[in-house]
A.B. asks: 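Quick one: the structure is below, and I'll ask about it shortly.
So that the names make sense, note that chain A is the first sequence line, chain B the second, and so on, each numbered from 1. Computed from a predicted model, the values in this text were never measured in an experiment.
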Number of protein chains: 2
Amino acid sequence: MKILIVDDEANIRRVVREYAEFEGYETDEAGDGMEAVTMAKATDYDVIIMDIMMPRLDGYSACKEIRKTKNTPIIMLSARGEEYDKLFGFELGIDDYVVKPFSPKELMARIKAVSIRRSAAQQPMPERITFEGLEIDMAGREVYVNGQKANMTPKEYDLLFYLVKNRNIALTRDKLLEEVWGYDFFGDDRTVDTHIKMLRNSLGEYRKFIVTLRGMGYKFEA
Amino acid sequence: MKILIVDDEANIRRVVREYAEFEGYETDEAGDGMEAVTMAKATDYDVIIMDIMMPRLDGYSACKEIRKTKNTPIIMLSARGEEYDKLFGFELGIDDYVVKPFSPKELMARIKAVSIRRSAAQQPMPERITFEGLEIDMAGREVYVNGQKANMTPKEYDLLFYLVKNRNIALTRDKLLEEVWGYDFFGDDRTVDTHIKMLRNSLGEYRKFIVTLRGMGYKFEA
DNA sequence: ATCAATGTGAATAATCTGTGAATTTCCCGG
DNA sequence: CCGGGAAATTCACAGATTATTCACATTGAT
């Protein structure tokens with residue numbers, strides 16, 4: 001278990017780190033949002049603990065940036081009196097928040113709560129999702145475009161389902177190859193492009209949900 | 001979707017309510033067990049979230065009382081250290097437990113899980129099902145095609161029944177082998193194909209219900 | 001304008017499924 | 001313990017579908 005601690009005050013970082021290490025976590029530290037984003041993208045942390053008020057890049061923006069490529073659980077630290085409403089900007093993907101001054105014991109409890117949810121229950125992905133006129137039934141392996149069943153190839157289903165499961169986050173070609181094709185695929189990157197093309201054709205007007213991220217890969221944007 | 005939030009601490013109620021409303025639920029609040037019972041009996045909630053330690057009437061007693069007239073799914077909130085009571089709780093018909101301090105996101109996930117589970121499990125699997133001219137009597141282990149009894153082999157029955165029980169769900173060959181043949185079967189995947197073939201023959205015109213999912217497996221599509 | 005990244009159509013290679021038949025296993029009565 | 005038939009499993013092959021590669025067109029950023 002590895003956690004990333006982000007705060008501009010070294011004192012706070014130290015306190016959190018000491019408790020976390022006492023609980024048996026490995027820790028990394030970042031002093032501002034920019035650093036945090038870089039580190040979070042480079043390493044797969046189990047939890048990120050991040051202050052809101054920070055120089056260079058604040059916690060909200062850092063969170064937003066990290067969420068583009070990772071789904072790491074994030075716990076925000078907020079000073080009492082800080083805009084409380086913003087804490088409920090869950091569209092940012094914040095998993096929990098703790099108000100400063102906090103008891104380290106409570107923070108540890110929250111870390112456990114957040115990470116348990118991760119490992120234990122592989123998030124109960126709903127079996128059926130609808131985006132406008134695009135219905136996706138993963139359990140039944142069916143896709144309906146404006147009510148009409150789409151007839152897609154196996155790879156198209158696999159690719160679409162993976163994109164949808166990880167919607168709104170950027171996926172590189174390599175990541176897609178590894179997750180959809182399998183770790184043992186050693187072919188061309190561009191194979192992904194061809195399948196994206198075919199998938200787009202199958203989705204008709206709803207091809208718009210599949211966004212190209214130039215220089216990066218693709219994502220399903222709902 | 002309407003949920004009832006029961007806790008004597010207004011702060012906790014507020015946090016849960018804000019998360020829940022963000023997720024699109026309607027919410028009501030109760031500050032103690034007595035209130036909760038009154039409200040739960042008057043209104044059909046989809047889920048009730050209730051603290052254990054409360055003035056006037058504790059969570060257990062409230063749960064017991066509500067259960068006398070309603071089957072609403074109940075998620076209990078318990079302070080750390082009340083672990084022992086957990087076992088006792090499930091006997092009362094508690095659907096899930098969340099330990100305080102909890103991650104609101106986790107709580108939301110549990111609400112979803114519980115409400116889905118409830119609605120799905122509500123209808124017990126009938127033992128006899130008819131699809132057009134295909135009658136399937138699982139209890140009697142008989143199948144009628146256009147009124148005439150089909151004479152099938154044991155594996156055909158097992159396979160058909162499993163497919164029907166899981167109709168409209170995509171099933172891989174591996175899954176079928178594990179569930180129908182048993183975890184200790186170490187033979188060839190394609191064995192499934194052969195049995196599907198024989199099953200299709202036995203079903204005559206109703207073979208149409210057994211759909212091949214290329215690259216995946218099969219499913220019974222009603 | 002230029003260069004790299006992406007979209008696309010077509011050719012080829014690889015994979016998958018249905019099926020008939022051969023082989024093995026299982027089950028029972030003798 | 002054995003034989004015989006039913007059932008289960010494996011096997012091989014054809015036909016159809018799908019995946020991959022490649023070349024070229026198009027797009028987008030600087």
A.B. asks: Let me see the working for B:Lys219 and B:Leu163 under side chain to side chain contact (heavy atoms under 4.5 Å, CB included), right down to the final yes or no.
C.D. replies: CA-CA 6 Å; B:Lys219 75 172 167 177; B:Leu163 286 167; 5.7 Å; no

A.B. asks: Hey, which of these two, B:Thr194 or B:Arg214, hits DNA chain C nearer its 5' end, going by closest nucleotide?
C.D. replies: B:Arg214

A.B. asks: Using atom CZ of A:Arg200 as one end and atom P of C:dG9 as the other, report the distance to the nearest whole Å.
C.D. replies: 13 Å

A.B. asks: What is the distance from OH of A:Tyr218 to C1' of C:dG7, rounded to the nearest Å?
C.D. replies: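 Those two atoms, OH and C1', are 8 Å apart.
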
A.B. asks: Heavy atoms only, 4.0 Å cut-off, all strands: where does B:Thr212 land among base, sugar-phosphate and nothing?
C.D. replies: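 Sugar-phosphate, backbone atoms only, no base.
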
A.B. asks: Hey, can you tell me if A:Phe209 and A:Phe220 have their rings parallel, tilted or perpendicular (30° and 60° cut-offs)?
C.D. replies: parallel

A.B. asks: Nearest to the side chain of A:Met198, which nucleotide is it out of D:dT20, D:dT9, D:dA7?
C.D. replies: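 Of all the options, the side chain of A:Met198 is nearest to D:dT20.
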
A.B. asks: B:Asp188 has an atom CG; how far is it from atom P of C:dT23, in whole Å?
C.D. replies: 17 Å

A.B. asks: Quick one: does any side-chain atom of A:Thr191 pair with a main-chain N or O of A:Gly187 as donor and acceptor, under 3.5 Å?
C.D. replies: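 No; zero donor-acceptor contacts below 3.5 Å.
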
A.B. asks: Residues of residues 176-187 of chain B with any non-hydrogen atom less than 4.0 angstrom from an atom of DNA chain C: list those, numerically ordered, please.
C.D. replies: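 Within this stretch, nothing sits under 4.0 Å of the strand.
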
A.B. asks: Verify side chain to side chain contact (heavy atoms under 4.5 Å, CB included) between B:Phe131 and B:Val164, making sure each step is shown before the conclusion.
C.D. replies: CA-CA 10 Å; B:Phe131 304 96; B:Val164 170; 4.0 Å; yes

A.B. asks: Please confirm whether the backbone N or O of B:Gly140 pairs with a side-chain atom of B:Asp137, one donor and one acceptor, at under 3.5 Å?
C.D. replies: yes

A.B. asks: Test side chain to side chain contact (heavy atoms under 4.5 Å, CB included) on A:Met138 and A:Arg128; report intermediate values, then the result.
C.D. replies: CA-CA 6 Å; A:Met138 299 207 202; A:Arg128 201 183 183 89; over 6 Å; no

A.B. asks: Measure from NE2 on A:His195 to C1' on C:dA14 and round the result to the nearest Å.
C.D. replies: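 Going from NE2 in A:His195 over to C1' in C:dA14 covers 12 Å.
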
A.B. asks: Nearest whole angstrom, please: distance from the P of D:dT10 to the NZ of B:Lys155.
C.D. replies: 11 Å

A.B. asks: Mind checking A:Arg190 for me? I need base, sugar-phosphate or nothing, with any heavy atom below 4.0 Å counting as a touch.
C.D. replies: base

A.B. asks: Is the distance from OP1 or OP2 of D:dA8 to the nearest side-chain N or O of B:Thr191 less than 4.0 Å?
C.D. replies: no

A.B. asks: Distance check needed: D:dA8 P versus B:Glu156 CD, whole Å only.
C.D. replies: 7 Å

A.B. asks: Pick the closest DNA chain D nucleotide for A:Met152 and for A:Asp189 by heavy atoms, then say which residue is nearer the 5' end.
C.D. replies: A:Met152

A.B. asks: Within the structure shown, what part of the strands sits under 4.0 Å from A:Lys197 by heavy-atom distance: base, sugar-phosphate, or nothing?
C.D. replies: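 Touches a base.
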
A.B. asks: Check B:Val145, B:Val143, B:Ile136 against B:Tyr206 for a side chain to side chain contact (heavy atoms under 4.5 Å, CB included) and give me the one that passes.
C.D. replies: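 Only one option passes, and that is B:Val145.
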
A.B. asks: Quick one: is C:dT17 close enough that its OP1 or OP2 comes under 4.0 Å of any side-chain N or O from B:Arg173?
C.D. replies: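 Looking at the OP1 and OP2 atoms of C:dT17, one of them is under 4.0 Å from a side-chain N or O of B:Arg173.
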
A.B. asks: Heavy atoms under 4.0 Å, any strand shown: does A:Leu213 hit a base, just sugar-phosphate, or nothing?
C.D. replies: sugar-phosphate

A.B. asks: Once you round it to whole Å, what is the distance between C1' of C:dT8 and CZ of A:Arg207?
C.D. replies: 11 Å

A.B. asks: Using whole Å, report how far OH of B:Tyr157 lies from P of D:dA7.
C.D. replies: 10 Å

